[in-house]
Amino acid sequence: MLSPNFNAIGWEGQGLKSLAHKPDREFPYAWQNAVGDGGMLVLGIETSCDETSAAVVENKVWVRSNIVLTQTKLHEPFGGIVPEIASRKQMEFIAPVVQQALSDAGVTWRDLDAIAVTNRPGLIGSLVVGVSFAKAVALAHNLPLIPVNHLEGHVFSVFLRERDEGRGARDKEQMTGNRQDWEFPFLCLLVSGGHTELIWVKDVGDYEVLGRTRDDAAGEAFDKVARALGLGFPGGPAIDKASEGGDPNAIAFPRADLTPSLDFSFAGLKTAVVRYLKGLEDRLKRKQNPTVADIAASFQEAVVDMLLTNLERAAELTDAERVAVVGGVAANRRLRQKLLSLAEKRRWQLALPELKWCTDNAAMIACAASFRIEKGLAQPNLLFDAYAVAEINDACL
Ligand code: KG4
Ligand code: ZN
């Protein structure tokens, strides 16, 4: 039971005995493996960046609905996300997004077993919108509320599945790669706008970070280089597209090698591209004529090479049979293409989530919470904060 120690946090108060939330329903629930048999239903809420997302997930992995509102157009003129705008828009749209997720799933508040919300890491104003909304509805509907680490959510995106209604009762595999039933342990490369990490996922809640970026995240490098190339925002998809038809070997951009560690560094590569662009006028005079496609493809190749080199080394170190690549940058077509051949060569079982599960979504948050509930690792409460900075192993309470 959580009781706030007001003195410890520098507050004074009277009369408040406990802020612990005591919903009717108790963990753990009985688990069933089929869909539509009355198994556990978890509503996920995700507002860690500019997305406003809500999803209903059944029996840990089955996505009944997933709504994602993005604000790309609103932030485009600024060349990046403006946190103040992001959180204000999320405050406007969170309620209808959640309502839509419930109605698409064909459920009401009474059908839900729990609510899961991202409370770390991310833009603090955006996180506060999701967390506050989730606390309010959990209290109003007497439902357990579980805080979820966004990074853990990305890791669990490998488990998501969806019924393919169009093809009758068949399950639709939401993966590229040769994934069969996914199990622990697995090696996970998490590549997003804020993080680049190699994680040895031993079990639910048991993660060993083997390497991480020492400066920019891979997605951040894509965004910054796209801006330098005048390709707009968000940079990852823009470079992915601009690289079409370009020669990935046109320019030999540097690859940081931090051996023996498994860490990454992308700042040097980003600076090399910016310097290259500054020297472009001279090159044009000398009639060397790289196209934007060549520059984008060469930069992208350098990022992909660095990611795959460390992934391969980490797989050797851990003797991994299963490898997953998750997060926004996992949507990159060149990365996916090279990963597929590497997995074949190395005989890895590879999980590469469908594009919609790579970028931020609430289904992965509900999924991570469900696995925690099953393991007895979820601690539902209404007394938790939102945190801008957090590692995957940081406790949330
Ligand atoms: O996981 P995500 O949606 O949000 C974070 O948790 O950060 O990742 C967003 C990042 C952005 O930096 C975006 O440019 C990058 O993922 N991204 C891509 C692609 N699609 C999104 N990077 C490279 N190629 C893509 N196709
Ligand atoms: Zn993310």
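In each ligand, atom 1 is the first atom listed, and ligand 1 is the first ligand listed. Computed from a predicted structure; not experimentally measured.
For ligand 1, the polar-atom distance check finds no N/O of G327 at less than 3.5 Å from any of the ligand's N/O atoms. For the pair G236 and ligand 1, the shortest N or O to N or O distance falls below 3.5 Å. For ligand 1, none of its N or O atoms has an N or O atom of P234 under 3.5 Å away. On a distance-only criterion, H154 and ligand 1 share at least one N/O pair closer than 3.5 Å. Not a single N or O atom of R333, backbone or side chain, sits closer than 3.5 Å to an N or O atom of ligand 1.
Contact atoms of ligand 1 toward G219: 12 (O) (distance under 4.0 Å to a heavy atom of the residue). The ligand atoms of ligand 1 that sit less than 4.0 angstrom from a heavy atom of H150 are 6 (O). If you number the atoms of ligand 1 from 1 as listed, the ones under 4.0 Å from a heavy atom of G194 come out as 7 (O).
In the candidate list N332, I81, N361, N332 is nearest to atom 24 (N) of ligand 1, counting heavy atoms. Of the listed options I239, V329, L355, V329 places a heavy atom closest to atom 15 (C) of ligand 1.
Taking 2.8 Å as the threshold, H195 does not count as a candidate ligand of the Zn ion (ligand 2), since none of its N, O or S atoms lies below it. Here H154 meets the criterion, with an N, O or S atom under 2.8 Å of the Zn ion (ligand 2).
Of all N, O or S atoms in D360, the one lying closest to the Zn ion (ligand 2) is OD1.
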